[in-house]
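Side-chain atoms are counted along with the backbone in the values below, which use heavy atoms only and exclude waters and symmetry mates. To find a chain, count down the sequence lines: A is the first, B the second, and so on, and within it residues start at 1. Everything quoted here is computed from the prediction, not taken from an experiment.
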2 protein chains.
Amino acid sequence: MATPRRDPLTLEVVELIGTVVARYYEEYEQAAARHSLTGAQARVLGLLSLEPLPMRGIARKLKCEPSNVTGIVDRLEARGLVERRPDPADRRVKLAAPTEEGRATASRLRDSLDFAREPLAALSDEEREVLRDLLKRMLGESVL
Amino acid sequence: MATPRRDPLTLEVVELIGTVVARYYEEYEQAAARHSLTGAQARVLGLLSLEPLPMRGIARKLKCEPSNVTGIVDRLEARGLVERRPDPADRRVKLAAPTEEGRATASRLRDSLDFAREPLAALSDEEREVLRDLLKRMLGESVL
DNA sequence: TATTGTTATACTCTATAACTATA
DNA sequence: TATAGTTATAGAGTATAACAATA
């Protein structure tokens with residue numbers, strides 16, 4: 001494992017990444033709020049719009065304790081965006097799945113987020129390719 | 001304002017940025033937790049280690065309501081990491097400033113974070129310059 | 001026995017509104 | 001009257017521990 005670098009260029013890039021992270025996070029929360037959702041609720045709804053998941057699976061994706069998921073799904077369910085279904089294969093398991101309205105909300109949320117990420121529009125196709133490759137290299141093999 | 005793009009390349013870059021954001025955030029929280037600090041406490045301590053700030057100024061930086069800052073600074077103060085000082089120029093104002101121990105903790109926290117950001121070590125100097133310029137372009141003039 | 005989901009509890013962060021002491 | 005900081009309150013996310021139902 002390499003030693004972290006402290007040269008001015010590295011520090012400048014670190015600072016820029018910090019700015020990207022802060023802005024992205026802020027805009028994510030705002031997009032969620034426009035749909036009267038908290039960030040956590042929006043993340044869960046987004047996950048479930050890809051595929052229904054057991055409560056435990058949601059906790060793994062969110063990297064939080066399973067007990068927290070109960071409340072988040074409760075609130076989404078109370079708003080009619082998500083429903084709990086039994087798992088035919090294991091009666092202990094409850095599968096959380098988006099309702100029709102939940103899927104629609106998730107879709108609109110995704111559009112909001114694309115809008116939030118619009119800064120990418122400032123780059124040409126070639127520049128996006130370079131950026132993609134640099135980010136991939138930065139993130140390492142774990143992403144591949 | 002340009003229309004958001006949806007071509008596969010753009011979506012791939014958006015996805016990669018999302019991954020960077022998630023990893024950065026997660027590692028930030030973990031680094032804070034290693035010092036028994038919450039993310040919000042670590043952010044405030046980091047801010048104050050650059051310069052003492054009035055409570056109102058902290059709220060502006062955190063983009064939250066001033067009433068929240070009271071509790072966060074209370075907890076940092078209870079741990080001896082921060083102190084409230086009067087502002088000679090305006091007796092309504094309280095300046096929050098790090099103690100000696102607070103500065104030391106902020107410094108160790110910064111080191112943890114550099115370690116967390118180590119992925120940058122995978123890039124050469126030239127690549128970092130390219131990444132820096134692309135990020136700057138992405139973020140636009142507002143950062144300059 | 002082990003696992004899934006839940007409940008109960010406590011702490012932190014968050015926004016809103018009302019309060020105080022200054023300006 | 002306006003502003004800085006605080007308090008009170010309520011909602012949400014978080015972790016921990018204990019529980020019922022099922023495997």
Side-chain angles (χ1 to χ4, degrees), chain A residues 22 25-48 52-79 81-97, chain B residues 22 25-48 52-79 81-97:
Chain A
Y25 223 83
E26 188 190 333
E27 294 185 353
Y28 190 95
E29 296 289 321
Q30 286 172 358
R34 281 195 291 276
H35 297 277
S36 303
L37 293 171
T38 65
Q41 288 164 14
R43 274 185 287 279
V44 169
L45 188 56
L47 280 175
L48 298 182
L53 287 172
M55 304 300 280
R56 217 89 184 175
I58 298 175
R60 263 190 300 274
K61 295 275 190 181
L62 256 58
K63 296 184 207 290
C64 74
E65 293 301 316
S67 60
N68 301 327
V69 179
T70 300
I72 298 172
V73 170
D74 278 352
R75 290 180 271 277
L76 287 171
E77 197 166 32
R79 289 191 40 195
L81 300 176
V82 158
E83 62 181 8
R84 275 180 249 235
R85 301 201 290 235
D87 181 343
D90 185 338
R91 287 194 299 168
R92 292 173 303 180
V93 173
K94 288 177 191 168
L95 291 171
Chain B
Y25 223 82
E26 189 190 333
E27 294 185 353
Y28 190 96
E29 296 288 322
Q30 287 172 357
R34 281 196 291 277
H35 296 278
S36 303
L37 294 171
T38 65
Q41 287 164 13
R43 275 185 287 279
V44 169
L45 188 57
L47 280 175
L48 298 183
L53 287 172
M55 304 300 279
R56 218 88 184 176
I58 298 175
R60 264 190 299 273
K61 295 275 191 182
L62 256 57
K63 295 184 207 289
C64 74
E65 293 301 315
S67 60
N68 301 328
V69 178
T70 300
I72 298 172
V73 169
D74 279 352
R75 290 181 271 279
L76 287 170
E77 196 165 33
R79 290 190 41 196
L81 301 175
V82 158
E83 63 181 7
R84 274 181 251 235
R85 301 201 291 234
D87 180 343
D90 186 336
R91 287 194 299 168
R92 292 174 303 180
V93 173
K94 289 177 190 168
L95 290 171

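Regarding B:Glu65, its CD atom lies at a distance of 14 Å from the C1' atom of C:dA18, rounded to whole Å. Distance B:Leu76 CG to C:dT12 C1': 12 Å, rounded to the nearest Å. Between the CD atom of A:Glu29 and the P atom of C:dA15 there is a distance of 10 Å, rounded to whole Å. Between B:Lys94 atom NZ and C:dT20 atom C1' the separation is 10 Å, expressed in whole Å. Between A:Asp74 atom CG and C:dT6 atom P the separation is 7 Å, expressed in whole Å. Taking atom CG on B:Asn68 and atom P on C:dA15, their separation rounds to 5 Å, with Å as the unit. For the pair A:Asp90 CG and C:dT3 P, the interatomic distance rounds to 12 Å; values are reported in whole Å.
On the nucleic acid side, DNA chain D has its first and last nucleotide under 4.0 Å of a heavy atom of chain A at D:dA12 to D:dA23, going 5' to 3'.
Of all the heavy atoms in A:Leu81 and A:Leu45, the pair that sits closest is O-CD1, 4.0 Å. When all heavy atoms are compared, the tightest approach of A:Ser36 to A:Gln41 is O-OE1, 4.3 Å. Between B:Leu48 and B:Ala96, the shortest heavy-atom distance links the atoms CD2-O, 3.5 Å.
Dashed line: the shortest gap from a side-chain N or O of B:Ser67 to OP1 or OP2 of C:dA15 is not under 4.0 Å.
Taking for each of A:Gly39 and A:Ala89 the nucleotide of DNA chain D with the nearest heavy atom, the 5'-most of the two is the partner of A:Gly39. Two residues, B:Arg60 and A:Arg43, neighbour DNA chain D, and the one matched to the more 5' nucleotide by heavy-atom proximity is B:Arg60.
Counting any heavy atom pair closer than 4.0 Å across all strands shown, B:Thr70 reaches a base atom. At the heavy-atom level, A:Arg84 lies under 4.0 Å from the strands shown only through sugar-phosphate atoms. A:Arg56 comes within 4.0 angstrom of a nucleotide base, judged by non-hydrogen atoms across all strands.
The side chain of A:Pro54 lies closest to C:dG5 when the candidates are C:dG5, C:dA15, C:dT12.
The CG atom of A:Leu95 sits 4.5 Å away from the CG atom of A:Asp87 when rounded to the nearest 0.5 Å.
Taking the side chain as every heavy atom from C-beta outward, A:Arg79 and A:Leu37 approach each other to under 4.5 Å. Annotation: side chain of A:Leu62 is in contact with side chain of A:Ile72 (closest heavy-atom distance under 4.5 Å). Counting heavy atoms from C-beta outward, A:Met55 and A:Arg84 have side chains that approach closer than 4.5 Å.
With hydrogens and angles ignored, a donor-acceptor pair under 3.5 angstrom links the side chain of A:Arg92 to the base of C:dT3.
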